[in-house]
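Before any comments, here is the structure.
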Amino acid sequence: MACTLLILVPQILDSMCMALGGRVAERLIFDHFSTGAADDLRKVTQMAYAQVMLFGFSDVVGPLSYPQDEQSTSLDKPYSEETSRLMDEEAQGLVDQAYQRTTALLTEKRGMLEQVAHLLMDKEIINPDDLVRILG
């Protein structure tokens with residue numbers, strides 16, 4: 001019998017916020033972005049679209065699932081351009097929500113964020129013990 005992992009919507013949002021942490025920190029600390037968060041942004045985008053297109057978590061799109069067949073060479077989609085637009089809007093809204101939540105949290109915890117940033121500039125790689133020392 002296979003074990004199925006169940007992930008709740010709040011857990012996905014938490015994962016999105018964790019992935020956006022570096023990008024938001026760059027904006028708060030340095031007031032600019034780098035290419036360092038590119039892979040994190042890809043993951044966040046995938047998580048947002050999965051909620052809308054695979055898991056049926058969108059009230060606007062509804063409880064439907066549109067898995068992507070990456071092997072297919074067909075350009076046909078099983079949904080309309082309007083549905084595609086709604087999916088894009090819903091995914092963007094989820095990313096915006098996670099970005100705003102991450103910004104609020106890191107703004108609130110700015111002192112700790114600065115300590116971690118300084119340690120990263122000194123050591124480049126930090127370990128869990130370093131984080132426990134700073135974050136408690």
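It should be emphasised that the depicted structure is a prediction, and the values quoted were computed from it without experimental measurement. Starting from 1, each residue takes its place in the sequence as its number.
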Is it true that a side-chain atom of [X] and a backbone atom of [Y] form a donor plus acceptor pair closer than 3.5 Å?
{"X": "Gln11", "Y": "Leu8", "value": "yes"}
{"X": "His118", "Y": "Val116", "value": "no"}
{"X": "Thr107", "Y": "Thr103", "value": "yes"}
{"X": "Thr83", "Y": "Tyr79", "value": "no"}

Say you draw a straight line from CE of Met87 to NZ of Lys77; how long is it, rounded to the nearest 0.5 Å?
8.5 Å

Indicate whether the side chain of Arg42 and that of Gln46 have a donor and an acceptor atom separated by less than 3.5 Å.
yes

Could you tell me whether the side chains of Asp96 and Gln92 share a donor-acceptor contact shorter than 3.5 Å?
yes

Is there a side-chain contact between [X] and [Y], using heavy atoms and a 4.5 Å cut-off?
{"X": "Asp129", "Y": "Leu131", "answer": "no"}
{"X": "Arg110", "Y": "Glu114", "answer": "yes"}
{"X": "Gln51", "Y": "Met16", "answer": "yes"}

What one should report as the nearest heavy-atom pair of Ala25 and Leu106 is N-CD1, 4.0 Å

Any residue meeting side-chain hydrogen bond (donor to acceptor under 3.5 Å, both in side chains) with Asp88, in chain and number order, not counting sequence neighbours:
Tyr49

If you count heavy atoms of other groups shown closer than 6.0 angstrom to CD of Glu82, is the number above 12?
yes

Using the rule that two of Ile, Leu, Val, Met, Phe, Trp, Tyr join whenever any of their side-chain heavy atoms come within less than 4.5 Å, decide whether Phe30 and Leu28 are in one cluster.
yes

If you look only at distance, which donor and acceptor atoms sit under 3.5 Å apart when one is on a side chain in residues 52-63 and the other is two or more places apart or in another chain?
residue: Ser58; atom: OG; partner: Val60; partner atom: N; Å: 3.2
residue: Ser58; atom: OG; partner: Val61; partner atom: N; Å: 3.0
residue: Ser58; atom: OG; partner: Glu90; partner atom: OE1; Å: 2.7

